[in-house]
A.B. asks: 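Please read through the structure below; I'll follow up with questions.
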Amino acid sequence: MPLLKLRKLQLSLLEWYDSEARVLPWRLQAAGSRDGYQVWLSEVLLQQTQVSRAILYFQNFLEAFPDVRALAAAPLEDVLKLWEGAGYYARARSLHRAAQIMAVRGLPSSFEAWLELPGVGRYTAAAIASLSANQAVAAVDGNVRRVLARLHNNPNPTESWLLETAQDWLFAARAGAWNEALIELGAVLCTPKKPRCSDCPLSSFCKANLEQTTSRVPAPKTRAKVKTIQALALIQFHADLVFLEQRPKKGLLGGLFGVPLMALNADAASTLEELGIPDAQFLGTVSHTMTHRQFEVVVYAIQSKRSDLVLAKNVALSRLDQKILALLQP
DNA sequence: GATGCGTGGCG
DNA sequence: TCGCCAAGCAT
């Protein structure tokens, strides 16, 4: 694109952003000079998470942990408890580890340095460096990908094409504002379905709009099929205490505590027979859907006098475990 | 480069 | 209803 035309496009977008951008809790300071801790926290929360939900968690975290030292000093269990229900729980563990690194070394002051922290990838590092220090590095997320793909009418943008294009187009003097403006445009107007091109400040520059291909650009990604998982949950309880085991660090709900689950290959009765607890009480069934998993869980309960029972409400639990435990007290 | 990882909103 | 989607990262 000719330089003069690119300048026009940039100013059109920045003007729109300056007047129309939403006010969000992490946007109270000017883009480019924001508090690094708050930018980092918000960006991690926003990874694959909707803005409306990130807002709640952001406010709770900021209240509980006003700065990185407070977050670093907290027990991991407290961080996970505050993260409860937000999903992708590895983010919470990375957040805590990164906070401990920063409590010692201080906050990173460049894209490259942010990139070293756990849970901070290329997008997040670029977003933080540009929004907190105005570093001239392009942040490419799903919104920017969609906006750039449509502007160029490129249905299948590769990662390298996106990075080059985004960096070429970056308005360096206001890097933070520019990145946030592209993201905002993708989130508010240039949406996956039914983009509002008539309100878009870039519509006259946009090839997909001019050629009426926005519904096909970018091409939808193929997704893995949803897998159904049949499982048996066994609640071992005494009064209002239950036994919770820690799930393997790697897999589903890794590292979280939860009700013991076992794959259900045969029928529940014979499985309980094998476990030596044929008298366990049937409580009901739980259905729970994740992006690629459909859980069907039959829930049984049995009295237990083991000494390691805990109060479930004090532990960070997944939604699946919350549903399972809800059957205990109807 | 492909997978796996949660949850809730939306049409 | 149900499939798609949301400010990605780690492996």
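Chain A is the first sequence line, chain B the second, and so forth, proteins listed ahead of strands; every chain is numbered from 1.
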A.B. asks: Assign the ring pair A/Tyr57 / A/Trp83 to parallel, tilted or perpendicular, where the plane angle (0 to 90°) is split at 30° and 60°.
C.D. replies: tilted
A.B. asks: Can I get a per-line list of side-chain donor-acceptor pairs under 3.5 Å for residues 195-206 of chain A, giving both atom names and the distance, sequence neighbours left out?
C.D. replies:
from     : atom 1 : to       : atom 2 : distance (Å)
A/Arg196 : NE     : A/Asp199 : OD2    : 3.3
A/Arg196 : NH2    : A/Asp199 : OD2    : 3.1
A/Ser203 : OG     : A/Cys200 : O      : 3.2

A.B. asks: Run the side-chain donor-acceptor check on residues 272-279 of chain A: report pairs under 3.5 Å with partners two or more places apart or on a different chain.
C.D. replies:
none

A.B. asks: Distance check needed: C/dA7 P versus A/Leu185 CG, whole Å only.
C.D. replies: 12 Å
A.B. asks: If I pick the P atom on B/dC10 and the same atom on C/dA7, what distance separates them, to the nearest angstrom?
C.D. replies: 14 Å
A.B. asks: List the atom pairs, with distances to 0.1 Å, where a side-chain N or O of residues 117-129 of chain A and a protein N or O form a donor-acceptor pair under 3.5 Å, not counting sequence neighbours.
C.D. replies:
from     : atom 1 : to      : atom 2 : distance (Å)
A/Tyr123 : OH     : A/Glu43 : OE1    : 2.9
A/Thr124 : OG1    : A/Gln47 : NE2    : 3.0

A.B. asks: Would you call the rings of A/His152 and A/Trp161 parallel, tilted or perpendicular if under 30° counts as parallel and over 60° as perpendicular?
C.D. replies: perpendicular
A.B. asks: Quick one: list whatever passes salt bridge (charged side-chain N to carboxylate O under 4.0 Å, His left out) with A/Asp168, sequence neighbours left out.
C.D. replies: none
A.B. asks: Where each residue is assigned the nucleotide of DNA chain B containing its nearest heavy atom, which of A/Leu317 and A/Glu159 is assigned the position nearer the 5′ end?
C.D. replies: A/Glu159
A.B. asks: For residues 228-246 of chain A, which residue pairs qualify under side chain to side chain donor-acceptor pair (under 3.5 Å), counting only residues two or more places apart or in two chains?
C.D. replies: A/Gln236-A/Arg306
A.B. asks: Which residue lies toward the 5' end of DNA chain C, A/Ser94 or A/Val51, if each is placed at its nearest nucleotide?
C.D. replies: A/Val51
A.B. asks: Starting at CD of A/Glu43 and ending at P of C/dC9, how long is that distance when rounded to a whole Å?
C.D. replies: 9 Å
A.B. asks: Identify, with sequence neighbours excluded, every residue that meets salt bridge (charged side-chain N to carboxylate O under 4.0 Å, His left out) alongside A/Glu84.
C.D. replies: A/Lys81
A.B. asks: Whole Å only: how far is the CG atom of A/Leu117 from the P atom of C/dG8?
C.D. replies: 19 Å
A.B. asks: Grab the OH-C1' distance between A/Tyr123 and C/dA7 for me, whole Å please.
C.D. replies: 4 Å
A.B. asks: Of A/Lys194 and A/Ala90, whose nearest nucleotide on DNA chain B comes first from the 5' end?
C.D. replies: A/Ala90
A.B. asks: Restricting to nitrogen or oxygen on both sides, can you table the protein-nucleotides 2-6 of chain C pairs closer than 3.5 Å?
C.D. replies:
from  : atom 1 : to       : atom 2 : distance (Å)
C/dA6 : OP1    : A/Arg146 : NH1    : 3.0

A.B. asks: In whole Å, what is the span from the CH2 atom of A/Trp114 to the P atom of C/dG8?
C.D. replies: 18 Å
A.B. asks: Rounding to an integer number of angstrom, what distance separates C/dT11 and B/dG6 when you compare their P atoms?
C.D. replies: 14 Å
A.B. asks: Scan A/Ile324, A/Ile229, A/Val297, A/Leu320 and name whichever one has a side-chain contact (heavy atoms from CB on, under 4.5 Å) with A/His288.
C.D. replies: A/Leu320
A.B. asks: At 4.0 Å (heavy atoms only), tell me whether A/Ser42 reaches a base, stays on the sugar-phosphate, or touches nothing.
C.D. replies: nothing
A.B. asks: Residues in side chain to side chain contact (heavy atoms under 4.5 Å, CB included) with A/Gln59, at least two apart?
C.D. replies: A/Pro25, A/Ile55
A.B. asks: A/Leu252 near the nucleic acid: base, sugar-phosphate alone, or nothing, with a heavy-atom cut-off under 4.0 Å?
C.D. replies: sugar-phosphate
A.B. asks: Rounded to the Å, how far apart are A/Ile55 CD1 and C/dA7 C1'?
C.D. replies: 12 Å
A.B. asks: May I ask you to say what A/Ala54 touches in the nucleic acid, namely base, sugar-phosphate or nothing, with a heavy-atom cut-off under 4.0 Å?
C.D. replies: nothing
A.B. asks: Between which nucleotides of DNA chain B, read 5' to 3', does contact with chain A run, using atoms under 4.0 Å from its heavy atoms?
C.D. replies: B/dC5 to B/dG9
A.B. asks: Under 4.0 Å, counting only non-hydrogen atoms across every strand here, what does A/Trp83 touch: a base, just sugar-phosphate, or nothing?
C.D. replies: nothing
A.B. asks: Answer with base, sugar-phosphate or nothing: what part of the nucleic acid does A/Val144 contact at a heavy-atom distance below 4.0 Å?
C.D. replies: nothing
A.B. asks: Quick one: label A/Gly251 by what it contacts on the DNA or RNA (base, sugar-phosphate, nothing), any heavy atom closer than 4.0 Å.
C.D. replies: sugar-phosphate
A.B. asks: Tell me what A/Leu253 touches on the nucleic acid: a base, only sugar-phosphate, or nothing, going by heavy atoms under 4.0 Å.
C.D. replies: sugar-phosphate
A.B. asks: Name all residues meeting the ring-ring contact (aromatic ring centres under 6.0 Å, His included) criterion together with A/Trp16; count only those two or more places apart in sequence or in a different chain, and write none if there are none.
C.D. replies: none
A.B. asks: Counting only heavy atoms and a strict 4.0 angstrom limit, can you tell me which residues of residues 15-24 of chain A come near DNA chain C?
C.D. replies: A/Arg22, A/Leu24
A.B. asks: Just distance, no hydrogens or angles: give the donor-acceptor pairs under 3.5 Å from side chains in residues 63-70 of chain A, sequence neighbours left out.
C.D. replies:
from    : atom 1 : to      : atom 2 : distance (Å)
A/Asp67 : OD1    : A/Arg69 : N      : 3.2
A/Asp67 : OD1    : A/Ala70 : N      : 2.9

A.B. asks: Roughly how many Å is it from CH2 in A/Trp26 to C1' in C/dA7, rounded to a whole number?
C.D. replies: 9 Å
A.B. asks: How close or far is atom P of C/dA10 from atom CZ of A/Arg93, stated in whole angstroms?
C.D. replies: 12 Å
A.B. asks: Salt bridge check: are A/Asp18 and A/Arg174 linked by an N-O gap of less than 4.0 Å?
C.D. replies: yes
